[in-house]
Amino acid sequence: QLQLVESGGGLVQPGGSLRLSCAASGRTLHGWTVGWFRQAPGKEREAVSCISTNGLITGYPDSVKGRFTSSMNSAKTTVYLQMNSLKPEDTATYYCAADGSGFFRPCTPGVFDTWGQGTQVTVSS
């Protein structure tokens with residue numbers, strides 16, 4: 001049974017960087033798609049990016065393009081989200097989620113059944 005655990009969140013100043021990790025246990029992510037999502041208080045959950053095991057990425061909204069990068073380690077056990085040039089509006093709880101359907105489906109929260117617990121990112125002076 002696949003389980004996901006996020007880590008790496010914290011408090012950073014505007015312009016700073018964080019790298020979030022999503023560690024899989026129970027099995028590898030071979031053949032899976034992993035998504036990063038974020039949700040601010042009172043806001044809808046939104047996609048940040050989705051990545052397949054062969055590195056195909058989609059879902060980067062205009063708000064994060066050029067600043068955030070999703071990647072996966074070669075063992076297919078951990079997915080990362082590198083966040084640079086952080087802004088206060090990036091403040092949110094960040095989640096990773098996995099889709100084992102075998103298809104690279106639209107990068108939306110409803111596609112994913114297995115979710116991590118979330119990690120808080122706060123960007124503030």
Side-chain angles (χ1 to χ4, degrees):
Q1 182 176 350
L2 177 67
Q3 297 181 29
L4 303 174
V5 178
E6 300 99 332
S7 62
L11 174 64
V12 298
Q13 295 182 345
S17 297
L18 285 174
R19 189 175 77 159
L20 306 183
S21 297
C22 174
S25 63
R27 59 163 295 145
T28 70
L29 296 168
H30 289 282
W32 292 63
T33 297
V34 177
W36 283 101
F37 303 87
R38 66 184 184 183
Q39 188 166 23
K43 305 295 183 181
E44 294 184 353
R45 188 168 298 185
E46 65 174 350
V48 175
S49 69
C50 290
I51 182 170
S52 70
T53 54
N54 68 354
L56 180 64
I57 300 173
T58 189
Y60 289 130
D62 289 342
S63 58
V64 307
K65 285 181 179 177
R67 300 189 299 118
F68 290 10
T69 304
S70 182
S71 61
M72 186 180 296
N73 69 349
S74 60
K76 314 300 182 184
T77 56
T78 305
V79 175
Y80 305 97
L81 183 67
Q82 179 67 45
M83 305 186 294
N84 298 324
S85 302
L86 284 162
K87 304 174 181 179
E89 52 263 43
D90 295 318
T91 296
T93 301
Y94 284 72
Y95 301 89
C96 66
D99 167 30
S101 71
F103 297 95
F104 193 54
R105 300 192 290 180
C107 191
T108 58
V111 167
F112 298 86
D113 292 327
T114 302
W115 291 79
Q117 84 289 348
T119 186
Q120 179 66 36
V121 173
T122 302
V123 185
S124 176
S125 298

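Keep in mind that this is a model prediction, so the values were computed, not measured.
For the residue pair G9 and T119, the shortest heavy atom distance occurs at N-OG1, 3.2 Å. The minimum heavy-atom distance linking L29 with T53 is given by the pair O-CG2, 2.6 Å. Among all heavy-atom pairs drawn from T78 and A23, the shortest one is OG1-CA, 4.3 Å.
Here the side chain of E6 pairs a donor or acceptor atom with the backbone of Q117 at under 3.5 angstrom. At distances below 3.5 Å, at least one donor-acceptor pair connects side-chain atoms of R105 with backbone N or O atoms of V111.
Going from atom CD of Q82 over to atom CG of L18 covers 8.5 Å, rounded to the nearest 0.5 Å. Y60 contributes atom OH, which lies 5.0 Å from atom OG1 of T69 (distance to the nearest 0.5 angstrom). Of the inter-residue distances, the one linking I57 atom CD1 with S70 atom OG reads 5.0 Å to the nearest 0.5 angstrom. Note that CD1 of I51 and OG1 of T58 are 11.5 Å apart. Values are rounded to the nearest 0.5 Å.
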Problem set entry | Stepwise side chain to side chain contact (heavy atoms under 4.5 Å, CB included) check, K87 with V123 | CA-CA 6 Å; K87 304 174 181 179; V123 185; 5.6 Å; no
Exercise. Which is it for Q120 and T91 under the side chain to side chain contact (heavy atoms under 4.5 Å, CB included) test, yes or no, and what are the steps along the way?
Worked result: CA-CA 8 Å; Q120 179 66 36; T91 296; 4.0 Å; yes
For this session: Determine, stepwise, if the pair D90 / R38 fulfils side chain to side chain contact (heavy atoms under 4.5 Å, CB included).
Result: CA-CA 9 Å; D90 295 318; R38 66 184 184 183; 2.9 Å; yes
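Within 6.0 Å of the CD atom in Q13, the count of heavy atoms belonging to other residues, nucleotides or ligands does not exceed 12.
Note on residues 14-34: pairs passing side-chain hydrogen bond (donor to acceptor under 3.5 Å, both in side chains), not counting sequence neighbours, are S17-N84. Screening residues 63-117 for ring-ring contact (aromatic ring centres under 6.0 Å, His included) gives F37-F112, F37-W115 as the qualifying pairs, with residues at least two apart or on separate chains. Sorted by first then second residue, the disulfide bond (SG atoms under 2.5 Å apart) pairs that include residues 68-125, not counting sequence neighbours, are C22-C96, C50-C107.
A heavy-atom distance below 4.5 Å is not found between the side chains of L4 and V34.
No continuous path of ILVMFWY side-chain contacts below 4.5 Å connects L81 to V5, so the two sit in separate hydrophobic clusters.
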